[in-house]
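Structure record follows, encoded as structure tokens.
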Amino acid sequence: MWATSRAFRRQLVLLRSLLPSPPSPPPYSFPSVAGRFFAPSCSSPSSTPSGSIRASHAMAGSAVYEADAEAVVRRITPPLDRSRHKGQAGKIAVIGGCREYTGAPYFAAISALKVGADLSHVFCTKDAATVIKSYSPELIVHPILEESYSVRDDERASVSSKILTEVAKWLERFDCIVVGPGLGRDSFLLDCVSNIMKHARQANIPTVVDGDGLFLITNNLGLVEGNPFAILTPNVYEYKRLVQKVLNCDVNEETAAEQLTLLCQKIGGVTIMRKGKADVISDGKTVTQVSTFGSPRRCGGQGDILSGSVAVFTSWARHFIMSNEEPKEKRVNPMTLGCIAGSLLLRKAASLAFEKSKRSTVTTDIIEFLGKSLEDICPAEH
Ligand SMILES: NC(=O)C1=CN([C@@H]2O[C@H](COP(=O)(O)OP(=O)(O)OC[C@H]3O[C@@H](n4cnc5c(N)ncnc54)[C@H](OP(=O)(O)O)[C@@H]3O)[C@@H](O)[C@H]2O)[C@@H](O)CC1
Ligand SMILES: Nc1ncnc2c1ncn2[C@@H]1O[C@H](COP(=O)(O)OP(=O)(O)OP(=O)(O)O)[C@@H](O)[C@H]1O
Ligand SMILES: [Mg+2]
């Protein structure tokens, strides 16, 4: 039903007008305006091979469109213009990193830089800060978050307000923030991060919510409800928890596209990228997917690379769309474009890393190929 709605068709027409023609036509034709930029795929990406026209007929009205992700990357990636100054290619911040997890915020923040952002910050706990700094001198690390064990009960209110003041000083400078990689689940820390999210929302800062950030918002949906600048990137477990909480049912692969659309609509205005064999993206109006094969290695940390990359591409997509001065009602959702581009780049980098390192491929190997993957699609000098 949604696939034939006016809103859905308008989004596809807009995407079509935004993007250049793909280098080759899609493998099959489809009787809709989407034909040139989205190839119809399966309605249940985890159970059917990508591109199956049979599957798209099997679930009439709920086809998932394969994005022409390379065209999206080419279109939104800014040229390396010599007149630009530091910061114009993006300032990203990751809110995450605690005693247990130092890898996740590092992966997200360094990926943002390797994709092409100019500055990448990490706001984490004191315990995590020195460790993260020692991984890379490129990152700007703020050791300002606190966990319950380090704060007396009578100090909580003042510490919480001090943390917010400190982060707020920086917040409006960021083009996008990522909340959650390696954040942990300490209740005091999550309360402070809730305040940071509310502040980011008031300032209309795009916010990618991943990892423990999803744990936080699943238990406090008001933090993202009705926020068009929120991007949720759940993995299998995180998606299941979200569906159970919001839709009050279990994940149903038979109606996967409708369920994802409904989830976005119920939360209101958010964009969700459901990670898996294919990354399936919806803003409650359209459903697209990226199913380019990446790697059979499922080492932890790939979702963190993705969240950092999505943050950069989303800020680029916003700049691209705003600089094209399209009327507001005609603008394509930059969050969707950011997800499509981030997903493709991660998958390409994972594929190149696996080609080199096979079974020993780890997340840092994949990060090393982010640059080449982008270069292959969109050369720095041409
Ligand atoms: N190198 C690094 O530093 C990396 C760090 N990473 C970071 O790890 C964090 C968790 O992310 P994840 O992806 O492991 O969580 P997820 O898939 O929901 O859970 C899988 C299962 O584990 C359990 N569980 C998890 N966390 C729990 C907790 N704190 N306390 C209790 N249970 C917990 C969970 O059980 P459940 O909650 O369902 O009861 C589920 O069954 C997050 O911050 C992420 O960014 C990753 O990015 C990888 C690289
Ligand atoms: N079964 C799969 N087949 C192919 N690619 C997959 C599969 N599952 C996940 N991916 C890819 O790995 C990326 C990360 O997804 P994953 O589900 O591992 O996230 P995550 O659990 O949040 O990762 P992290 O360990 O960083 O927290 C996705 O963007 C997707 O491209
Ligand atoms: Mg994750």
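Remember, predicted model here, so these are calculated numbers, not experimental data.
- Remark: R297 fails to qualify as a cation-pi partner of F354 under the 6.0 Å distance and 45° angle criteria applied to the six-membered ring.
- Rounding to the nearest 0.5 angstrom, the gap separating the CD1 atom in I110 from the CG atom in D304 is 13.0 Å.
- The same ILVMFWY cluster, assembled from side-chain heavy atoms under 4.5 Å apart, contains both L164 and I217.
- When atom types are taken as modelled, the side chain of Q265 and the backbone of G284 share a donor-acceptor pair closer than 3.5 angstrom.
- Interatomic distance, CG of N220 versus CD of E225, reported as 8.5 Å (0.5 Å rounding).
- Salt bridge D118/K86: absent, no basic N to carboxylate O contact under 4.0 Å.
- A distance of 9.0 Å separates OG of S150 from CD of E155, quoted to the nearest 0.5 Å.
- Cluster annotation: L113 is connected to I366 through the hydrophobic network of ILVMFWY side chains, with a link wherever side-chain heavy atoms come within less than 4.5 Å.
- Side-chain N or O atoms of T286 include none that pairs as donor or acceptor with a backbone N or O of S282 at under 3.5 Å.
- Atom CG of L306 sits about 8.5 Å away from atom CZ of R347, to the nearest 0.5 Å.
- No cation-pi contact links R318 to F313, judged by a cut-off of 6.0 Å to the six-membered ring centre and 45° from its axis.
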Give the intermediate values and the outcome of side-chain hydrogen bond (donor to acceptor under 3.5 Å, both in side chains) for residues T271 and N333. CA-CA 9 Å; T271 299; N333 182 351; 3.2 Å; yes
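- Ring planes of H142 and H121: parallel class, angle under 30° (limits at 30 and 60°).
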